Amino acid sequence: MAAARRRVTARRTLAGVPELPEVESVRRQLAPWLTGRRVEAVWWDPHPHARFHAVDRLTGRRLTAVTRRGKFLLLPLDPTADGTHLELVLHLGMTGSLRVGPDQRPDGAAAAPLSHVRARLDLDDGSVLAFRDPRRFGRLSVVEAGRYAEVVPTLARLGPEPLSADFTPEVLAAGLAASRAPVKARLLDQRLVAGVGNIYADEALWRARIHPASRRVGAGRAAVLHAALVAVLAAAIAREGTTFRDYQMVNGQSGRYADHLDAYGQHGRPCRRCGTTLRRTVVAQRGTSYCPRCQRV
DNA sequence: CCGGGCCCCTGGATGC
DNA sequence: TGCATCCAGGGGCCCG
């Protein structure tokens, strides 16, 4: 009884984090609003735990594009007076989200204040970009274009985009062969492939029938895993990400991938393939759901 | 360089 | 019902 209630609760309050599909959805929504806009003013949270770097350098700059690498949003800026090309690097962390829109309601009254706003950019068309982040895991950094190593080391060492031609079954197989860490740890480590987090690691491993703790994934299974990663990420992008508590798209709605989850957060429920009850374990310090029957070590 | 472990933070869920 | 405790997790950092 208690266990059953716990499962229901867990399903209803499914939590998650923005991964590549969610960030890509945000990017697509932001691009038409932000491209070409000039930043008139910047405010950021002076909280001692806030993770902001050189954000003041945005003032007066124009946003020339909205791009993405892995889970990072990259917004290149027009050159400064001395010709320096800067870039805004934005990571949503666990609970970060972005809202963009007019600062005033149509009737001229001020919009209701958003909660947990950690930074805001006032733009030259009167709109405002608000960065909300209850848990303060998100990061905003302004760096010289392409110079990531000092400020955003993970971005500097980021692996190939999983939906690009650079990410091949051979690249994945070679990367997995070079290490004996659990395969899920390798997927979460952004150096092998960019943008995979806890949700899509569990989903891809379930689809590929590979146990998340497996330390031996040969070329054959790596090719299956490659196909699973590409399929899962593409399907999630098509549905604008997964519905969960913290993630909200720019317009305040949620993604529609939750109904398609086969593994993530599904422990206690039957495997959609074989009916075996999915189990929960911990791999790489992350909650992990898998099928003990059809996912093999 | 690599892998493993811990920590940052805070709202919601759980436990008593 | 209320208060205390637990839990979630991306990525930085440290250690062996």
Side-chain angles (χ1 to χ4, degrees), chain A residues 1-23 26 45-53 68-73 89-97 114-119 131-141 143 148-159 174-203 212-217 241-248 258 261 263-268 280-289:
Chain A
M1 182 60 154
R5 188 166 60 241
R6 199 150 46 234
R7 279 200 301 276
V8 169
T9 302
R11 213 177 310 144
R12 196 182 310 140
T13 61
L14 189 67
V17 166
E19 303 180 25
L20 187 152
E22 290 73 27
V23 178
V26 169
D45 187 0
H47 192 282
H49 297 121
R51 299 170 179 184
F52 301 131
H53 176 85
R68 180 191 58 74
R69 271 285 279 138
K71 304 174 197 174
F72 292 88
L73 284 171
V89 179
L90 202 159
H91 197 294
L92 296 174
M94 274 187 70
T95 58
S97 63
L114 299 170
S115 60
H116 308 297
V117 172
R118 309 304 187 197
F131 175 62
R132 311 173 72 188
D133 187 18
R135 297 188 194 181
R136 302 180 191 274
F137 275 38
R139 289 168 183 270
L140 255 71
S141 307
V143 301
Y148 306 130
E150 297 87 352
V151 179
V152 206
T154 299
L155 179 56
R157 305 199 293 172
L158 204 58
L176 291 175
S179 160
R180 279 175 299 283
V183 59
K184 179 169 175 180
R186 301 305 314 287
L187 294 181
L188 297 178
D189 182 316
Q190 301 295 297
R191 291 171 294 180
L192 177 57
V193 56
V196 178
N198 211 27
I199 296 174
Y200 300 109
D202 276 9
E203 292 300 296
S214 174
R215 294 173 187 269
R216 283 192 217 124
V217 175
T242 300
T243 300
F244 47 83
R245 188 183 56 229
D246 294 316
Y247 169 62
Q248 290 189 317
L261 291 175
Y264 176 79
Q266 304 301 305
H267 49 278
R280 183 185 182 279
T281 185
V282 175
V283 178
Q285 290 81 50
R286 298 292 174 255
T288 299
S289 297

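Letters A, B, ... are given to chains in the order of the sequence lines, protein chains preceding strands, and every chain is numbered from 1. The shown structure was predicted, so the numbers you read here are calculated from the model rather than taken from an experiment.
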Contact under 4.0 Å: A:R139 side-chain N or O vs B:dC8 OP1/OP2 = no

Grab the CZ-P distance between A:F137 and B:dG11 for me, whole Å please.
-> 12 Å

The nucleotide from C:dA8, C:dG11, B:dG11 with an atom nearest the side chain of A:H116 is B:dG11

Looking for any heavy atom pair under 4.0 Å, which part of the strands does A:G138 touch: base, sugar-phosphate only, or nothing?
-> nothing

Hey, does A:V89 have a side-chain heavy atom less than 4.5 Å from the side chain of A:Y148?
-> yes

Among B:dG3, C:dG11, B:dG5, find the nucleotide with the atom closest to the side chain of A:S179.
-> B:dG3

For the side chain of A:D133 and the backbone of A:G138, is there at least one donor-acceptor N/O pair under 3.5 Å apart?
-> yes

Under 4.0 Å between any heavy atoms, over every strand shown, what does A:R51 touch: base, sugar-phosphate, or nothing? Just pick one.
-> base

Under 3.5 Å, is there a donor-acceptor pair between the side chain of A:R280 and the main chain of A:H267?
-> no

Which residues share a side chain to side chain contact (heavy atoms under 4.5 Å, CB included) with A:A119, sequence neighbours left out | A:W44, A:F52, A:F131, A:L140

Apply side chain to side chain contact (heavy atoms under 4.5 Å, CB included) to A:E203 and A:L261, showing your working.
-> CA-CA 7 Å; A:E203 292 300 296; A:L261 291 175; 3.7 Å; yes

State which of B:dC6, C:dG10, C:dG9 makes the closest approach to the side chain of A:Q285.
-> B:dC6

A:L188 CG to B:dG3 C1', in whole Å, measures 14 Å

How long is the line joining OH of A:Y200 and C1' of C:dG10, in whole Å?
-> 15 Å

Any side-chain N or O of A:R135 less than 4.0 Å from the OP1 or OP2 oxygen of C:dG9?
-> no

Which part of the nucleic acid, if any, lies within contact of A:R286, taking any heavy atom under 4.0 Å across all strands shown: a base, the sugar-phosphate backbone alone, or nothing?
-> base

Look only at the side chain of A:Q266 and the backbone of A:S289, and say whether a donor-acceptor pair between them is shorter than 3.5 Å.
-> no

Short side-chain N/O contact to C:dG11 OP1/OP2 from A:Y148, under 4.0 Å = no

Can you check the A:R69 CZ to C:dG11 P distance for me, whole Å?
-> 12 Å

For the side chain of A:N198, starting at C-beta, report the closest nucleotide among C:dA8, C:dG9, B:dG3.
-> C:dG9

Residues of residues 189-196 of chain A with a heavy atom under 4.0 Å from any atom of DNA chain C, listed by number, are A:Q190

Would you mind reading off the distance between A:R118 atom CZ and B:dG11 atom C1', rounded to a whole angstrom?
-> 11 Å

Approximate separation, where rounding is to 0.5 Å, of A:N198 CG and A:Y264 OH = 5.5 Å

Quick one: A:D45 CG to B:dT10 C1', roughly how many Å, whole number?
-> 13 Å

Across the strands shown, which category fits A:R215 at heavy-atom distances under 4.0 angstrom: base, sugar-phosphate, nothing?
-> sugar-phosphate

Could you check how far CG of A:L90 sits from C1' of C:dG11, rounded to whole Å?
-> 15 Å

Atom CZ of A:R157 and atom C1' of B:dC1 are separated, to the nearest Å, by 9 Å

In sequence, state the C-alpha distance, the side-chain angles, and the governing distance for A:D45 and A:R136, and then conclude on salt bridge (Lys or Arg N to Asp or Glu O under 4.0 Å).
-> CA-CA 10 Å; A:D45 187 0; A:R136 302 180 191 274; 2.5 Å; yes

